[in-house]
Amino acid sequence: MLLRVRVTLPDRPGTLGQVARTLGVSGADIVQVVVLERLGGRAVDDFTVVWPGAARVERLLAGLAAIPGVRVDGVWRAIGAPTTTGQDAELLAQVAANPADGLATLVDAVPGLLAADWAVAAVVPVDWASRTGSGGATVGHASWRAPVPLRLPEVTPLRGRSMTTPDGTHHAIAPFGRAGLVLVAAREHSETLSAAAFHSTEVDRLTQLVRASAVILGDRLDLVGTPPVIAGP
């Protein structure tokens, strides 16, 4: 299976090589490395690896923990092949090519782009400030693997951010800037794997995708969540 491994490590020569060697010795085949952050002598890296299904992840965690200064922030299952920012432009091109299904195209693609479990486009009513819970948000479109029934986190106020709910599910939230629409991506907690929270660079990436899609789709977004008009006999 494909795993995403997030590691915080000292930003000095040799440490990245130690992590890579440990992943290899543990049985992982590295297919991509993405640097999320370099700050204050520390780096945050995402490794996408092919992991033998029968192997125990504990062996991998123990090997990484033995490297001085290295901390494992999360290990979770990734969906699909590793992605790059070049695929963001391809996704926006698909949205523009078929705007009638543009919102569904965006929502369905986000889990693969951000190694998330599912994503939804939620509609928040204009009077959300006077409501409790998730602001009375309803689901406009949900991706494959979204739970049913779906319990949305507190998505208001509408601004790009990451958050974690009490059940351990990590969320990334990005508003479209119109029609009360907000895109929510989620990584769920499991008994065997523990996903990392969405990094600020991932939230920024999602926010840019959502804003660009809003420009492309324009007034079509105003119709999301609006009941269809049924003509009389």
Side-chain angles (χ1 to χ4, degrees), residues 1-4 6 74-80 83 91 94-95 98-199 202-203 205-207 209-211 213-214 217 220-230:
M1 60 181 173
L2 204 63
L3 291 181
R4 185 69 59 89
R6 180 164 300 171
V75 179
W76 68 102
R77 190 162 186 170
I79 300 174
T83 61
L91 171 58
Q94 293 174 2
V95 171
N98 185 12
D101 295 325
L103 182 64
T105 299
L106 174 67
V107 173
D108 292 340
V110 162
L113 292 178
L114 295 182
D117 290 303
W118 51 267
V120 299
V123 185
V124 179
V126 294
D127 62 342
W128 60 264
S130 62
R131 303 194 181 203
T132 58
S134 58
T138 57
V139 175
H141 181 80
S143 71
W144 178 64
R145 296 183 65 188
V148 179
L150 181 62
R151 296 183 62 184
L152 291 170
E154 177 57 73
V155 298
T156 55
L158 298 182
R159 55 182 175 83
R161 67 190 190 280
S162 63
M163 63 178 296
T164 302
T165 49
D167 65 355
T169 301
H170 301 298
H171 300 275
I173 299 171
F176 284 81
R178 65 181 300 159
L181 269 175
V182 58
L183 198 148
V184 181
R187 292 176 183 149
E188 295 183 335
H189 175 77
S190 72
E191 295 182 358
T192 57
L193 300 174
S194 181
F198 287 91
H199 192 270
E202 295 177 302
V203 176
R205 182 183 183 188
L206 180 63
T207 300
L209 275 171
V210 167
R211 287 177 177 171
S213 297
L217 298 176
R220 290 179 181 272
L221 295 178
D222 298 334
L223 303 177
V224 178
T226 303
V229 177
I230 301 176

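Quantities reported herein were computed from a predicted structural model and do not represent experimental measurements.
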Practice task
Hey, could you give me the NE2/OG1 distance between His141 and Thr105, rounded to the nearest 0.5 Å?
Solution key: 8.0 Å
Problem - Interatomic spacing from CG in Leu206 to CG in Leu113 - rounded to 0.5 Å - result: 9.0 Å
Exercise for the section: Give a yes-or-no answer on whether the side chains of Glu188 and Trp76 include a donor-acceptor pair shorter than 3.5 Å. Expected result: no
Practice task
Without swapping roles, check the side chain of Arg187 against the backbone of Ala115 for a donor-acceptor pair under 3.5 Å.
Solution key: yes
Practice task
Compare all side-chain heavy atoms of Arg205 with those of Leu114 and state whether any distance is below 4.5 angstrom.
Solution key: yes
Handout entry: Listed once per pair and sorted, the salt bridge (Lys or Arg N to Asp or Glu O under 4.0 Å) pairs that draw on residues 105-120, sequence neighbours left out
Key = Asp117-Arg145
Problem - Donor-acceptor under 3.5 Å (Ser162 side chain, Ala172 main chain) - result: no
Fill in the blank from the handout: All heavy atoms of Ala195 vs all of His170, minimum pair found to be O-NE2, 3.1 Å
Handout entry: Interatomic spacing from CD1 in Ile173 to CG in Leu158 - rounded to 0.5 Å
Key = 9.0 Å
Fill in the blank from the handout: What one should report as the nearest heavy-atom pair of Val107 and Ala119 is CG1-O, 3.4 Å
Problem - Closest approach of Leu221 to Ala214 (non-hydrogen atoms, all atoms of both residues) - result: CD1-CA, 3.7 Å
Fill in the blank from the handout: Result for side chain to side chain contact (heavy atoms under 4.5 Å, CB included) between Leu183 and one of Val120, Leu106, Thr207, Leu209 points to Leu106
Handout entry: Arg77 atom CZ: more than 12 heavy-atom contacts under 6.0 Å
Key = no
Practice task
Would you mind reporting whether Pro147 and Leu150 have side-chain heavy atoms less than 4.5 Å apart?
Solution key: yes
Fill in the blank from the handout: Heavy-atom closest pair (Ala185 atom, Val110 atom, distance to 0.1 Å) is CB-CG1, 3.9 Å
Practice task
Measure from NZ or CZ of Arg211 to the centre of the six-membered ring of Phe176, then state whether that distance is under 6.0 Å and the direction lies within 45° of the axis.
Solution key: no
Practice task
Decide, yes or no, whether a salt bridge links Glu202 with Arg6 under the criterion of side-chain N to carboxylate O below 4.0 Å.
Solution key: yes
Handout entry: Approximate separation, where rounding is to 0.5 Å, of His189 NE2 and Asp167 CG
Key = 9.0 Å
Practice task
Would you name the heavy atoms of Trp144 and Trp118 that are closest together and state the gap between them?
Solution key: O-CB, 4.0 Å
Practice task
Measure across Pro153 and Thr165 and return the closest heavy-atom pair with its distance rounded to 0.1 Å.
Solution key: CB-CG2, 3.8 Å
Practice task
Using atom types as modelled and distance alone, determine if a side-chain donor or acceptor of Arg159 lies under 3.5 Å from a backbone N or O of Pro175.
Solution key: no
Exercise for the section: Using atom types as modelled and distance alone, determine if a side-chain donor or acceptor of Thr164 lies under 3.5 Å from a backbone N or O of Gly168. Expected result: no
